[in-house]
Amino acid sequence: MGEYVNAAEIFGENVFNDKVMQERLPKNVYKKLKKIIAEGGDLDLATADVIAHEMKEWAIEKGATHYTHWFQPLTGVTAEKHDSFITSPLPSGKVLMSFSGKELIKGEPDASSFPSGGLRATFEARGYTAWDCTSPAFVRQDAAGATLCIPTAFCSYTGEALDQKTPLLRSMEAINVQSLRLLKLFGNTTSKKVTPSVGPEQEYFLVDAEKFLQRKDLIYTGRTLFGAMPPKGQEMDDHYFGTIRQRIAGFMKDVNIELWKMGVTAKTQHNEVAPAQHELATIYSEANIAVDNNQLVMQTLKRVACQHGMKCLLHEKPFAGVNGSGKHNNWSITTDDGINLLEPGKTPHENIQFLLVLSCILKAVDVHADLLRESAADPGNDHRLGANEAPPAIISVFLGEQLEDVVDQLLSTGSATQSKKGGVLSTGVKTLPDLNKDATDRNRTSPFAFTGNKFEFRMVGSRDSVASPNIVLNTIVAEAFRDACDELEKAECFEEAVHDLIKKNLSEHQRIIFNGNGYTDEWVAEAEKRGLPNIKAMVYAIPALTSEKAVKLFGEFGVFTKAELESRAAVKYENYAKTINIEAKTMIDMASKQIIPAVIKYATALAGSINSIVAAGVSEVSVQKELLEETSALLKETQTALAALISIEDKGCTMEDGEDKAKYYYEEVVPAMEALRKPVDKLEMIVDKEMWPMPSYGDLIFEV
């Protein structure tokens, strides 16, 4: 039995949260900080000094020796530079422990070493981190000891955002302003702030660390570049929601404890569809806190896995042939006094405010489907989207039977007079209660689905920060709200105007609604008829960032400047090319140094056995000869494909970074990699397992 854990007692114990601030800060300082958190503004240095001192004292009590400005550059992971609390030595030989308000508010990491897409030259090193006081500081305990982590934004010396946090905060302010305008139209004067709330669901794989270290592809790329399917994959669906094995359960327990201490609301855990795949979901929180917490989830999964002799794989497609991993982004918008703008109520046809919000979101998603698709684009996600295991690459919205019926009523008759009821689902068993049945089923094939009082954006990749999709969602919905308010604020009759606007939005953007099976070829054809974009790969999604439409959208709401958008596009093109370049080089290395020598060794042993049999006077060796001929043919195919990949990859390396290079790697290098994998995977099924140079899929996903 494991040690007893009281989640309520340990939750948030390593967070400099509101309770700690109330206890430790002077009342006037606490009130000033809370006002800034709620309304924005600058923190004066004297107040910051008081906060920094109390934060340092609290952190030292937790064992902290260092502090770090914890930020999220465009690398896809977090970054940190540790400084100790130690200052100048005293005459006694002791040292002072100090932490100033200036050190709390601002840090200065080297900006030139992070991706900037040309915003910063290599010699321009200065960059700043700025404390995001809306996301609480926390102490992280790991092999380095205890470190005070201060969530921060990261920008260049000239003010451009070099991170995920800064534009996210800008987008949150945009939707706050426009949502309050919309609420005011409906007579709401009590709500003072509207915040997007997010609940990410994190999928991941666990494999044995010893086996992981025997595969160069997993070490260098996070996914298997070669590998034949084992006799059994996920066909029986027996892993999904199955009993959690003891080794995994022990890992999950330690993950929960670590996360709870840091105030992360780890809620749901279970086995996912593929063998060795699992999921962890957190409770909703404000968007910027949810983004921070999801980074902590990913880091904690990886760190605790190592402590249990395992490796956590966050790649979107670690194994071909079984489902990959995504990260469902559940999004809603809520007022400071508890009103969820996406709550339809029991009779949504009568909830005019909800219908307006819904129609605006449909408009936003239809108009900016390309941007939403781009927000989920990364090299690993190219293996998932549209592969009948994740949403298609076509953006559509699932509303469900109840809301679809309301929309149909509005479009056909001009008014909605009823809402479908859920009813009761009879179990047919006397000892079991009848169940209240929802008016709407769920649709797992939809990329953007309404699920009761929120939208679930299901395209996001498992490794990705959830910042990008939420930046886009917040901004495109803010634009739709603004357009609605601009029209309704000048209307002579609000009731008529809002009714007409809802009908107009639904009529003009009805094409985005689809409640059917998104995995079918029929839907692909139907979507094309509707004029919906089908952007199948990351390299074709990136241009959406720098379109005239996107520059106008983000510029008007102060989320991104044109230069910032261009820099992000450049970073993404470069990231794609580099990712495929590393994968191609890894394949070349594995094929040249491991696979081909192993196959030659096997073929030589097979030829030797044939010669021995013939020398013994046995004439029937046809089976062995056929096996040798097949092996030799596949070996030749492998060598030819390897030579082709080397040549194609060499050409890619000489190209300048940018769109053309990224497209070359997608259109030329990726097919060459697939051509090399094909004969190698066949050889794995022939060559003696003792001679094959690496653990198989079966070893990796069934022996955890």
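By convention here, the first residue in the shown sequence is residue 1.
- Residues Asn17 and Val20 meet the side-chain proximity criterion, which asks for heavy atoms closer than 4.5 Å.
- The CG atom of Leu399 sits 10.0 Å away from the CZ atom of Phe448 when rounded to the nearest 0.5 Å.
- Other residues, nucleotides and ligands place no more than 12 heavy atoms under 6.0 Å from the CD atom of Glu210.
- Considering all non-hydrogen atoms of both residues, Gly263 and Phe11 come closest at O-CZ, 3.4 Å.
- In terms of heavy-atom proximity, Pro392 sits nearest to Trp523 at CG-NE1, 4.2 Å.
- Scanning all heavy atoms of the two residues, the minimum distance from Ala290 to Val198 falls at CB-O, 3.6 Å.
- Between Phe319 and Tyr697, the ring planes are perpendicular. Angles over 60° get that label, and only those under 30° would be called parallel.
- Within the 4.5 Å cutoff, no side-chain heavy atoms of Met252 are placed close to those of Val255.
- Not one N or O on the side chain of His69 forms a donor-acceptor pair closer than 3.5 Å with the backbone of Ile150.
- In terms of modelled atom types and a separation under 3.5 Å, the side chain of Asn176 and the main chain of Met172 share no donor-acceptor contact.
- The shortest side-chain heavy-atom distance between Ser446 and Arg458 does not fall under the 4.5 Å cut-off.
- With hydrogens and angles disregarded, a donor-acceptor distance shorter than 3.5 Å links the side chain of Glu684 to the backbone of Ala228.
- When every heavy atom of Leu372 is checked against every heavy atom of Phe457, the shortest pair comes out as O-CZ, 3.4 Å.
- The line from CG of Asn381 to NZ of Lys327 is 10.5 Å long, rounded to the nearest 0.5 Å.
- No salt bridge links Arg568 with Glu374; every basic N to acidic carboxylate O contact stays at or beyond 4.0 Å.
- Two residues are said to be in side-chain contact when any heavy atoms from C-beta on lie closer than 4.5 Å; Asp163 and Phe114 fail this criterion.
- The side chain to side chain donor-acceptor pair (under 3.5 Å) test with Lys165 singles out one residue from Thr129, Asp292, Asn288, and that residue is Asp292.
- Here the side chains of Arg373 and Leu385 are in contact, with some heavy-atom distance below 4.5 Å.
- Here CD1 of Ile289 is found 11.5 Å from OG1 of Thr282. Values are rounded to the nearest 0.5 Å.
- Side chain of Gln277 to backbone of Gly324: a donor-acceptor contact under 3.5 angstrom is found.
- The backbone N or O of Pro151 sits nowhere less than 3.5 Å from a side-chain atom of Asp132 that would complete a donor-acceptor pair.
- Between Thr300 and Val264 the shortest side-chain heavy-atom distance does not fall below 4.5 Å.
- Counting heavy atoms from C-beta outward, Cys306 and Lys311 have side chains that approach closer than 4.5 Å.
- In terms of modelled atom types and a separation under 3.5 Å, the side chain of Trp260 and the main chain of Ala266 share a donor-acceptor contact.
- Remark: Asp217 does not engage Arg677 in a salt bridge, criterion side-chain N to carboxylate O under 4.0 Å.
- To the nearest 0.5 Å, the span separating CD on Glu272 from CD on Glu201 amounts to 8.5 Å.
- Using the six-membered ring where Trp is involved, Phe455 and Phe450 have ring planes that are perpendicular, over 60° apart on the 30 and 60° scheme.
- Side-chain N or O atoms of Asn470 include one that pairs as donor or acceptor with a backbone N or O of Val466 at under 3.5 Å.
- Counting only distance, with no hydrogens or angles, the side chain of Gln202 and the backbone of Ser462 share a donor-acceptor pair below 3.5 Å.
- A distance below 6.0 Å separates the ring centres of His278 and His239.
- In this structure, Asn271 contributes its side chain and Gly242 its backbone to a donor-acceptor pair below 3.5 Å.
- More than 12 heavy atoms of other shown residues, nucleotides or ligands fall within 6.0 angstrom of atom NZ in Lys216.
- Without hydrogens or angle criteria, Thr68 side chain to Cys149 main chain gives no donor-acceptor distance under 3.5 Å.
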